[in-house]
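Have a look at the structure below before the remarks.
The sequence lines fix the lettering, A, B, ..., with proteins before strands; numbering per chain opens at 1.
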Protein chains: 2
Amino acid sequence: MDDAPPTKVTLVDIARMAGVGVGTASRALSNAKNVAPSTRARVLRVAEDHHYVVSPEASRLARGNTGRVALVVPHLSRWYFGSVVEGLDSVLRGADLDVLLYHVGGVSDRHAFFDKLPARRKVDAVVVVGFQVEEAERLRLETLGVQIVAAGGQTATYPSVHIDDHVASRQAVDHLIHVGHTRIAMLEAVDPDQPHLPSTRSPGYYEALAQVGIDVDPTLVVTAPWGGEDGAASMSRLLGHPSPPTAVFAHSDEVALGAIRTLRRAGLEPGRDVSVVGIDDHPLAALTDLTTVRQDPAHQGVLAGRMLLEMLDGKEPAEKSTTVDTELVVRGSTAPPRRRHA
Amino acid sequence: MDDAPPTKVTLVDIARMAGVGVGTASRALSNAKNVAPSTRARVLRVAEDHHYVVSPEASRLARGNTGRVALVVPHLSRWYFGSVVEGLDSVLRGADLDVLLYHVGGVSDRHAFFDKLPARRKVDAVVVVGFQVEEAERLRLETLGVQIVAAGGQTATYPSVHIDDHVASRQAVDHLIHVGHTRIAMLEAVDPDQPHLPSTRSPGYYEALAQVGIDVDPTLVVTAPWGGEDGAASMSRLLGHPSPPTAVFAHSDEVALGAIRTLRRAGLEPGRDVSVVGIDDHPLAALTDLTTVRQDPAHQGVLAGRMLLEMLDGKEPAEKSTTVDTELVVRGSTAPPRRRHA
DNA sequence: GAAGCGACTGGAAACGCTTCCAGTCACCAA
DNA sequence: TTGGTGACTGGAAGCGTTTCCAGTCGCTTC
């Protein structure tokens, strides 16, 4: 009854103290069948009294699986990634899986991860958060018997959960059009690590404009990395335009906030003078009155986690690819354009 | 040479193929001493060729330690926590330790964690990020032979890394005083989970005012939870004050941003009409032109990680408690007060 | 030339579980 | 009674390492 004796208690001890064989003790603790209820109770009682816990190493060694899954995350300090991980953690832990964290900064780190596979033999599955893995890398995992799921980031070859970037950008741009803008700029953002990858959020912009017959002015499209400072710089370029836009569609809230700082410093009020819309609904978007398209990364994590559990159960997941909804949230940073010469 | 045969290769196989005993093979792979260089090379070569990796379970079982550390984190999606974890991860992984993530939401989750100790027998050490553990809980871990370190969050009884909240708030408030404010409000924030805990950032406020002979006006101190929305609400109350402040010291950047939204909605311009200063230097602070006191959570994580490594090496850490510096960053949200009747 | 030494090696004994196999036992149907 | 069944049980054989112990071997050192 006194707290946790530092001496090591093993299953054998528990079995002896409960007056049963090790086999029975093991079955009782792992609540397998074929154990008499009274026996099970007795074993459980003894284990409890002695603060006994099975040794995971021994258990896993004997069982053959690891009971762990690796989370591979690029930018943990950013809201989106942290939220996805929170969601994942909650469902995986609920299923008694342990979560091994692998923070991989840039693209080279990611490749290094899949090359050296530090998680090798340590996990039953890998969840990649917010980026794509190359087909060769995926195959490598497959031959190793490690399952893979993507949370955030669309992909055709393995199960994933993500928003529809095309829909999201349509929601944003359609809103600007709807309130009356016609001269709409886009702050397009690319991953500075792989700037050649096309933005998945720009096709919606082009499509929205085309649909209402607005000609795209290519000088109104600025591409930069996805940092806030980059957004600010891009906006500066736009302000130097001979005929500046009345509204701006930013790739993300962060980029949008950068743009807003530039506007303010130029004496322009977002919403009143220039409308700005982002994507994400970052918690600070509400605090900065930013109109945006909301996505729920924690929920994406939850769904990805559930998908993974199904796969570990041996079932094929119901859907290889799950798309979660996004929703326009109108705040103060967008409004109808000012009348000319106002 | 072809990629990863799915058949299981064990140490015994490697040993046989290299023409050595298992003992020698093991020593070669774990680069222990007493192995002839040529033998080691041969073993390594064979292992390499067959994509062999030691089974962590078996290795740990035989060794007796886990090679893992648990990170217990309350709010992964927030910048501060995510950054600390990034820092921790980098140094722990560098030392070949695996990082097990435990996301614990509220205070009750935290207690549940220490009560049930899901990490029991799974880790060699625990790092708690940004909160305190109770003495009883700490002792429990100690008797289990699990080390503990705090990253962020001051504490006397176990090693920790943190900023000096008192100094930080002095830096913020001194700045306001320095530029000429005398009517300075404080938006004090408390953990909604344990609202009884005194704020560690308010004493600096009182001290700073006292030092220059400003009487504290208690109606200028508003206490609320630490969310941005709460900051906004607190600021509203302040704006209703018969003689409102010319400057506001906010417990954190997030609270400050909430306050700023309230100001803007009331037609007041931060900096020009009311000065606002926060603490953290959240990445979005730069984007919103917020004056703040910078702290570097990733670095705190790194230091905590190093401290832990020392402890796992058996050395007492050089310092039980490490304080990292903070630094005032002046931006547009603070300025001298407007002249009366301006 | 015997003894001593140090570098290296092979193999067996843990490490603490899970699971398979061979029982034992009470009970029921024929 | 006999045989069959099904529920339960004990113990042994792994699981894949690490590490200890007992050697072997080639050199020194008296």
Could you check how far [atom1] of [X] sits from [atom2] of [N], rounded to whole Å?
X: L29(B); N: dG16(D); atom1: CG; atom2: P; answer: 16 Å
X: K33(A); N: dT19(C); atom1: NZ; atom2: P; answer: 14 Å
X: R16(B); N: dG16(D); atom1: CZ; atom2: C1'; answer: 14 Å
X: R42(A); N: dC8(D); atom1: CZ; atom2: P; answer: 13 Å
X: L11(B); N: dA14(C); atom1: CG; atom2: P; answer: 19 Å
X: N34(B); N: dC21(D); atom1: CG; atom2: P; answer: 15 Å
X: N65(A); N: dC15(D); atom1: CG; atom2: P; answer: 16 Å
X: E57(A); N: dG14(D); atom1: CD; atom2: P; answer: 23 Å

Worksheet item: Does R63(A) or V35(B) map to a spot on DNA chain C nearer the 5' end, using the closest nucleotide for each?
Response: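 The residue closer to the strand's 5' end, by nearest nucleotide, is V35(B).
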Worksheet item: Closest nucleotide of DNA chain C for P37(B) versus for L61(B): which of these residues is on the 5' side?
Response: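 Residue closer to the 5' terminus by nearest nucleotide: P37(B).
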Measure the shortest side-chain to side-chain distance between [X] and [Y] over non-hydrogen atoms and say whether it is less than 4.5 angstrom.
X: L309(B); Y: L97(B); value: yes
X: Q300(B); Y: Y80(B); value: yes
X: L88(B); Y: V129(B); value: yes

Worksheet item: Is the closest basic N to carboxylate O distance between E142(A) and R138(A) below 4.0 Å?
Response: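 Yes, E142(A) and R138(A) are salt-bridged.
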Discussion item. Could you check whether E57(B) pairs with R68(A) (Lys NZ or Arg NE/NH1/NH2 to Asp/Glu carboxylate O, under 4.0 Å)?
Written reply: yes
Item to complete: Give one of base, sugar-phosphate or nothing for S30(A), where a contact means two heavy atoms less than 4.0 Å apart.
Response: nothing
Worksheet item: Which part of the nucleic acid, if any, lies within reach of S26(A) when heavy atoms closer than 4.0 Å are counted: base, sugar-phosphate only, or nothing?
Response: base
Side chain of [X] only, heavy atoms from C-beta on: which candidate in [options] is closest?
X: R27(A); options: dC17(C), dT19(C), dA7(D); result: dT19(C)
X: A36(B); options: dC17(C), dT9(C), dT9(D); result: dT9(C)
X: A62(B); options: dC8(C), dT17(D), dG14(D); result: dT17(D)

Would you say a side-chain N or O of [X] is under 4.0 Å from OP1 or OP2 of [N]?
X: Y52(A); N: dC17(C); result: yes
X: S59(B); N: dT18(D); result: yes
X: S55(B); N: dC15(D); result: no
X: R121(A); N: dT17(D); result: yes
X: T24(B); N: dC8(C); result: no

Discussion item. Can you confirm whether the side chains of E137(B) and H111(B) place a donor and an acceptor under 3.5 Å from each other?
Written reply: yes
Worksheet item: Between D98(A) and Y102(B), is any side-chain donor less than 3.5 angstrom from a side-chain acceptor?
Response: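 Yes.
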Worksheet item: Is the NZ or CZ atom of R110(B) positioned over F131(B)'s six-membered ring, under 6.0 angstrom from the centre and within 45° of the axis?
Response: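 Positive - R110(B) is close enough to the ring of F131(B) and near enough to its axis.
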Worksheet item: Is a donor-acceptor pair below 3.5 Å formed from side chain R60(A) to base dG16(C), judging by atom type as modelled?
Response: no
Practice prompt. Quantify the bending of the helix from dG1(C)-dC30(D) to dA30(C)-dT1(D) as the angle between its end axes, each fitted on five pairs, to 10°.
Written response: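 It comes to 50° between the two terminal axes.
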